[in-house]
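Read through the structure below, which is laid out as structure tokens, and then see the notes.
Here is how names work: the chains are called A, B, and so on, in the same order as the sequence lines, proteins then strands, and each is numbered from 1.
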There are 2 protein chains.
Amino acid sequence: MDVKFNNRDPVYVQVIRHFKEQIAKGYYVAGQEIPSRRELANQLKINPNTAQRAYKEMEEQQLIYTEGNLPSCITKDEKVLKNVREELIIEAVDLFVGSIQSINVPLSEVLELVKKTHDAKSGETEESK
Amino acid sequence: MDVKFNNRDPVYVQVIRHFKEQIAKGYYVAGQEIPSRRELANQLKINPNTAQRAYKEMEEQQLIYTEGNLPSCITKDEKVLKNVREELIIEAVDLFVGSIQSINVPLSEVLELVKKTHDAKSGETEESK
DNA sequence: ATTTGTGTATTAAGGTCTTAATACACATTA
DNA sequence: TAATGTGTATTAAGACCTTAATACACAAAT
């Protein structure tokens, strides 16, 4: 468990995104326990309060749930879980298309670059095996 | 001149991005005058200090220049201007590819969605003519 | 000369984000 | 019973962003 933080977005937002990515990849399944606030804070080297803030919002988004003072768990609502992946994809596509169109670049002109970049980055991750 | 602001990024950052998009689209050319700090603030309904902050950073990035107390102008360095467009494109592509890969979605699986979204959004802008 | 419009600078206040230091209730474990 | 680990909550401080209210030097226009 390690997360690469950027300096633009609030840490608690990036933590939420991290969990969404894990869910989208199937690394977290329905009902699975997640680290405690304090443990997550240790792992990511952030403040426990920031971890708590992320968890609190994930709870409001129905992504996780907490019963009493047991460790929080990933939601058992499969519909919600499936939605996470789809929303991340739609978000990425919308952002990309919006960026390209805001500078009047024809899609056909960048598709090749997308493929090239994708292959190059895939190469990177393969090499680290 | 109108800019759609989001609530995530600092306003001065979004202002800089707006100018970069205008340059990338060729709406601003080398040496062209840009609105004064106060005028821009009026147009975008932001604080003059925020406009000043954006201009100050664009100056540090060599995007604009100011002589004495004349209105600031777009840089005459064509190399810088050309770079703006390329960097915006690379940034958009990298962000998109990174997002897709962080959730293990094969590129082939989203290319169709990209095209569909692109066409749909083009339709929107066409209709507003 | 006065007014207006540049760029530039300073100070103050309020909001958000983050860290920090605690505190409490509850359940499990030693 | 005492210690530990949960979730939850409060208060305080500092950093950054934004707005606000001014102020000053300079140049052009009236």
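At the heavy-atom level, B:Arg38 lies under 4.0 Å from base atoms of the strands shown. A:Tyr55 comes within 4.0 angstrom of nothing in the nucleic acid, heavy atoms only. Within 4.0 Å (heavy atoms only), A:Thr50 reaches at least one base atom of the nucleic acid.
In this structure, A:Tyr55 and A:Phe19 have perpendicular ring planes: the angle between them is above 60°, well past the 30° mark.
In the model, A:Thr66 has a side-chain atom that pairs as donor or acceptor with a side-chain atom of A:Glu59 under 3.5 Å.
Rounded to a whole Å, the CD atom of A:Gln52 is 9 Å from the C1' atom of D:dA9. Distance, A:Tyr65 OH to D:dG7 P: 13 Å, rounded to whole Å. B:Leu40 places its CG atom 14 Å from the C1' atom of C:dG7, with the value rounded to the nearest Å. Nucleotide C:dC17 holds its C1' atom 13 Å from the CZ atom of A:Phe5, rounded to whole Å. Atom pair B:Tyr12:OH and D:dT19:C1' shows a separation of 16 Å (rounding to whole Å applied). Between A:Glu67 atom CD and C:dA25 atom P the separation is 22 Å, expressed in whole Å. Put simply, CG on A:Asn49 is 17 Å from P on D:dG14, counting in whole angstrom units. Rounded to an integer number of Å, the gap from CD of B:Glu59 to P of C:dG7 is 10 Å.
Comparing A:Pro48 and A:Leu70, the nucleotide of DNA chain C nearest to each residue sits closer to the 5' end for A:Pro48. In terms of position on DNA chain C, the residue among B:Gly68 and A:Arg53 whose nearest nucleotide sits closer to the 5' end is B:Gly68.
Of the candidates C:dA27, C:dT6, C:dA9, C:dT6 carries the atom nearest the B:Asn69 side chain, counting heavy atoms from C-beta on. With distances taken from any side-chain atom of B:Glu39 to the nucleotides D:dG7, C:dT6, D:dT19, the minimum falls on C:dT6.
Between the base of C:dG5 and the side chain of B:Arg37 there is no donor-acceptor pair shorter than 3.5 Å. Evaluation of atom-type donor-acceptor distances gives no pair under 3.5 Å for the side chain of B:Asn47 against the base of D:dA21.
A:Arg17 and A:Glu91 are joined by a salt bridge, as a carboxylate oxygen and a charged side-chain nitrogen come within less than 4.0 angstrom of each other. Between B:Glu109 and A:Arg85, at least one side-chain N (NZ, or NE/NH1/NH2) sits under 4.0 Å from a carboxylate O, which counts as a salt bridge.
For A:Thr66 and D:dG7, the shortest distance from a side-chain N or O to OP1 or OP2 is not below 4.0 Å.
Under a hydrophobic clustering in which Ile, Leu, Val, Met, Phe, Trp and Tyr are joined whenever their side-chain heavy atoms come within less than 4.5 Å, directly or via other members, A:Leu111 and B:Leu88 fall into the same cluster.
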